[in-house]
Amino acid sequence: MAVVEAAVSIRSAVVAGLGVALCGVLGAIIPFRKRRLLARAGTCVLATARTSLLPYGVFVCAPLLAALSGCCSFALPIQLIICAAAVLGMENGVRGFFEHTVNGVYANGVIVAGTFFPYTDIISVPFLSLSPEEHARQSDRTLVIKTASRDTVELICRDAAECQAACAALFAMAPHVR
């Protein structure tokens, strides 16, 4: 009986350790991902980034969740689900970090939610063809961009003036979007 309990506790520690290690790897590669993303994007024309403490909270809580899964006696599938949730939460936090630090219009494309969209991938800006009723329902802080690789993406701005400036910068950099 003691041997089985020892094996279970070792297994729990290994699974929790792997979860914490994966969260650590995701956190450690942030500078490399950011550098690669900005190298593809080119120089910044208009930044729509904003500050938020939420990603930093996720950076602390996700590894803690994975570590705490080893402290309790969960069944293996439950512990794997908890560690997977921690790793996915960490990846979501990394994407949130990129969203809050690098979103905007760049020389080679647009970065939205940590994903780079080259100007050749951008098809249109649908708000130009909206009816007055649909235009009234859409937020004046959101610039919706239709892309070829994804259906639509939303560039969130601080206010309506920044959204108009982002739209003007997008049209200046990619005249085919009009």
Side-chain angles (χ1 to χ4, degrees), residues 22-66 84-178:
L22 285 173
C23 287
V25 167
L26 284 173
I29 64 173
I30 288 174
F32 304 108
R33 288 174 67 176
K34 185 175 180 179
R35 190 176 312 131
R36 190 177 123 235
L37 184 68
L38 291 176
R40 288 178 59 203
T43 59
C44 183
V45 176
L46 179 74
T48 60
R50 56 197 184 281
T51 57
S52 174
L53 296 177
L54 183 63
Y56 300 106
V58 172
F59 294 158
V60 172
C61 292
L64 280 177
L65 178 63
V87 171
L88 290 173
M90 185 70 172
E91 174 62 21
N92 194 17
V94 169
R95 288 184 180 266
F97 173 77
F98 285 135
E99 183 175 345
H100 291 291
T101 58
V102 297
N103 267 8
V105 180
Y106 289 80
N108 301 329
V110 178
I111 297 178
V112 178
T115 304
F116 175 69
F117 296 98
Y119 290 125
T120 56
D121 192 34
I122 298 173
I123 297 171
S124 66
V125 179
F127 88 88
L128 297 174
S129 60
L130 293 178
S131 68
E133 299 84 31
E134 292 171 326
H135 200 325
R137 277 186 271 141
Q138 184 176 345
S139 171
D140 58 352
R141 295 181 44 226
T142 304
L143 180 60
V144 178
I145 302 169
K146 188 170 178 69
T147 65
S149 60
R150 293 189 188 175
D151 186 27
T152 59
V153 293
E154 294 180 347
L155 183 63
I156 310 296
C157 302
R158 285 185 193 101
D159 53 22
E162 185 179 67
C163 189
Q164 291 297 327
C167 190
L170 177 63
F171 291 153
M173 299 303 291
H176 71 278
V177 173
R178 287 183 187 245

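Values below: all heavy atoms of this structure, side chains included; hydrogens, waters and symmetry mates excluded.
Considering only heavy atoms from C-beta on, Phe171 stays 4.5 Å or farther from Val105 through its side chain. The closest side-chain heavy-atom distance from Ile156 to Glu154 is below 4.5 Å.
One distance of note links CZ of Arg150 with OG1 of Thr115; it measures 4.5 Å at 0.5 Å rounding. Summarising the geometry, atom CD1 belonging to Ile145 is positioned 5.5 Å from atom CG belonging to Leu155; distances are rounded to the nearest 0.5 Å. Atom CD of Gln164 is separated from atom CG of Asp159 by 10.5 Å, given to the nearest 0.5 angstrom. Note: Thr120 OG1 to Asn108 CG = 10.0 Å, rounded to the nearest 0.5 Å. Rounding to the nearest 0.5 angstrom, the gap separating the CG atom in Leu170 from the CD1 atom in Ile122 is 5.0 Å. Distance check: Ile123 CD1 to Thr152 OG1 gives 10.5 Å after rounding to the nearest 0.5 Å.
Ala107 pairs by the side chain to side chain contact (heavy atoms under 4.5 Å, CB included) definition with Thr43, Met173, not counting sequence neighbours. In this structure, the side chain to side chain contact (heavy atoms under 4.5 Å, CB included) partners of Asp151, at least two apart in sequence or on a different chain, are Lys146. Residues that satisfy the side chain to side chain contact (heavy atoms under 4.5 Å, CB included) test with Ala160, not counting sequence neighbours, are Asp140. Taking Asp121 as the reference, Phe117, Pro118, Thr147, Ala148, Ser149 meet the side chain to side chain contact (heavy atoms under 4.5 Å, CB included) condition, with sequence neighbours excluded.
Nearest heavy atoms, Ala169 versus Leu46: CB-CB, 4.3 Å. Taking each heavy atom of Cys163 and Cys157 in turn, the nearest pair found is CA-SG, 3.5 Å. Nearest heavy-atom pair across Pro55 and Gly96 is CG-C, 3.8 Å. Nearest heavy atom pair, residue Ile111 against residue Ala41, reads CD1-CB, 3.7 Å.
Using a 30° and 60° split on the angle between ring planes, Phe97 and Tyr56 fall in the perpendicular class, above 60°.
Under the side-chain contact (heavy atoms from CB on, under 4.5 Å) rule, Tyr106 has a single partner from Val110, Asn103, Val102, which is Val102.
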Please report, to 0.1 Å, the donor-acceptor pairs under 3.5 Å made by any side chain of residues 87-95, with sequence neighbours excluded.
unit_1: Glu91; atom_1: OE1; unit_2: Arg33; atom_2: NH1; d: 3.0
unit_1: Glu91; atom_1: OE2; unit_2: Arg33; atom_2: NH2; d: 3.1
unit_1: Glu91; atom_1: OE2; unit_2: Arg95; atom_2: NE; d: 3.2

